[in-house]
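Presented below is the structure to which this report refers.
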Amino acid sequence: MHATGNPDLLRRARRHRLIRKLHLWIGAWGAIAAILFGFTGFVQNHRALLKLPQGDSTELSSVELPVPESARTTPKAMRAWLRDAQHVAIDNQRLQPGKPFEFNGQQVHPPARWTFTGGNARIATQAEYSEGNASLTLRTTRQSPLAMMLRLHKGVGGGVGWILLTDSFALSMVALGISGLLMWARGRKLRQIVFSAVGAAIATVLVVGGWPLLG
C-alpha cells in the first residue's frame with residue numbers, strides 16, 4: 001500500500017527511513033566495538049580452558065628508590081611524593097594489609113604492602129612499598145600488542161580519551177538496539193511483541209537476574 005496522499009502514513013514512512021539510516025550508520029560504528037570487545041573478551045574468558053595467550057610483558061627497568069620519612073606516613077603522601085619528586089603519574093593504588101602468621105610459637109605481623117600503578121596501556125609503571133621500609137621498588141614494563149588490547153578491554157591505561165571512546169561505543173550499542181527494536185516492531189501488534197523473541201529475552205533476563213517477584 002502506498003502512502004501517497006495520506007499525511008499520517010507519509011510521516012510514518014519518513015520516520016521509518018530515518019530510523020533505518022541511523023541504524024545503519026550507528027551499526028557501522030558499533031561493529032568496531034563488537035569486534036574489539038568480542039575478540040578480547042573471548043580471549044580472556046577462555047584463557048584457562050583453551051590455553052589462549054594473554055600477551056607478554058617485558059620489564060624495562062627496576063630500581064630501588066629511597067623514600068623520605070615524610071612520604072612514608074600515608075599512601076596519600078607517598079602518592080604525592082611519586083608525582084612531585086619522581087614525576088610518576090599514579091592512577092590506582094591498592095593497600096594490602098599483612099596477614100599475621102605463627103612462627104616458632106610466636107605471632108608474626110608482617111607489614112602492609114602499598115602498590116601504586118600508572119602509565120598507559122603500552123607502558124605500565126608500578127611502585128611497591130612495604131610499610132615501614134626506607135625505600136620502594138619502581139618497575140616499568142612494556143606490554144605486547146595483545147596484552148595492551150586486553151588491558152584496554154579492562155579499562156586499564158586508556159586515559160580520558162579511551163573512556164570517551166568506549167562511552168561512545170556503549171551509547172551506540174544502546175541506540176542500535178533501540179532503533180532495531182523500533183524497526184522490528186513496525187506493523188506488529190503489542191500481543192505479537194510480548195509473545196515473541198523480545199518477550200522471551202526480557203523474561204530470561206529477569207529470571208537470570210534473580211528478579212524478586214519471580215523468586
Side-chain angles (χ1 to χ4, degrees), residues 23-62 89-101 110 112-130 137-181 184 195-215:
H23 184 83
L24 289 173
W25 283 102
I26 295 172
W29 184 246
I32 300 173
I35 294 171
L36 175 62
F37 286 96
F39 170 73
T40 53
F42 181 85
V43 169
Q44 291 182 83
N45 287 341
H46 298 283
R47 59 184 178 273
L49 182 63
L50 301 180
K51 309 297 182 184
L52 296 178
Q54 301 296 299
D56 300 311
S57 178
T58 304
E59 186 172 276
L60 300 179
S61 65
S62 178
I90 299 299
D91 299 320
N92 298 290
Q93 66 182 40
R94 185 175 72 252
L95 310 179
Q96 183 178 359
K99 294 182 179 180
F101 63 92
R113 182 177 294 273
W114 303 353
T115 304
F116 305 89
T117 56
N120 52 46
R122 180 67 169 167
I123 304 297
T125 303
Q126 179 173 290
E128 293 184 349
Y129 174 74
S130 292
T137 303
L138 182 65
R139 294 187 180 88
T140 303
T141 57
R142 181 175 59 211
Q143 316 301 316
S144 68
L146 177 58
M148 183 177 68
M149 290 177 64
L150 297 182
R151 280 167 60 84
L152 288 173
H153 180 100
K154 294 180 286 189
V156 177
V160 177
W162 178 251
I163 292 174
L164 293 176
L165 181 63
T166 52
D167 283 347
S168 73
F169 283 154
L171 292 175
S172 70
M173 298 303 288
V174 173
L176 188 65
I178 293 173
S179 59
L181 285 174
W184 178 83
F195 294 99
S196 66
V198 176
I202 293 174
T204 302
V205 170
L206 292 176
V207 171
V208 172
W211 194 36
L213 294 180
L214 296 179

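Looking at heavy atoms from C-beta onward, Leu36 lies out of side-chain contact with Leu152 at the 4.5 angstrom threshold. Contact annotation: the side chain of Trp162 never approaches that of Asn120 to less than 4.5 Å [non-hydrogen atoms, C-beta and beyond]. Side-chain contact check for Thr125 versus Arg139: every heavy-atom pair is 4.5 Å or farther apart.
Atom CG of Asp56 has 12 or fewer neighbouring heavy atoms from other residues, nucleotides or ligands inside a 6.0 Å radius. More than 12 heavy atoms of other residues, nucleotides or ligands lie within 6.0 Å of CZ in Arg122, so this atom counts as buried by the packing criterion.
Considering every non-hydrogen atom in both Pro53 and Val43, the closest pair reads O-CG1, 3.4 Å. Between Ser57 and Thr141, the closest heavy-atom pair is OG-CB, 3.4 Å. Residues Glu128 and Arg113 approach most closely at OE1-NH1, 3.8 Å, considering heavy atoms. Smallest separation of non-hydrogen atoms from Gly55 and Ser144: CA-OG, 3.4 Å. Minimum interatomic distance between Phe39 and Met149 (heavy atoms only, all atoms of both residues): CD2-CE, 3.9 Å. Here the shortest heavy-atom pairing between Gly118 and Asp91 reads CA-OD2, 3.7 Å.
Relative ring orientation between Trp114 and Phe116 is described as perpendicular, the plane-to-plane angle rising above 60° on a 0-90° scale split at 30° and 60°. A tilted orientation is assigned to the rings of Trp29 and Phe169, their planes being inclined by 30° to 60°.
Atom CD of residue Gln44 and atom CZ of residue Phe37 lie 10.5 Å apart, to the nearest 0.5 angstrom. Here the OG1 atom belonging to Thr117 is positioned 4.5 Å from the CG atom belonging to Asn92, to the nearest 0.5 angstrom. Distance CG/Asp167 to OG/Ser172: 10.5 Å, rounded to 0.5 Å. One distance of note links CG of Leu176 with CG of Leu171; it measures 12.5 Å at 0.5 Å rounding. Put simply, CZ on Arg142 and OG on Ser61 are 11.0 Å apart, with the number rounded to the nearest 0.5 Å.
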Are Gln96 and Thr115 close enough, and set up right, to give a side chain to side chain contact (heavy atoms under 4.5 Å, CB included), and what steps lead you there?
CA-CA 8 Å; Gln96 183 178 359; Thr115 304; 5.8 Å; no
Under the side chain to side chain contact (heavy atoms under 4.5 Å, CB included) criterion, do Thr140 and Glu59 qualify, and how do the steps go?
CA-CA 6 Å; Thr140 303; Glu59 186 172 276; over 6 Å; no
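Under a 3.5 Å cut-off, the side chain of Gln54 and the backbone N or O of Leu52 do form a donor-acceptor pair.
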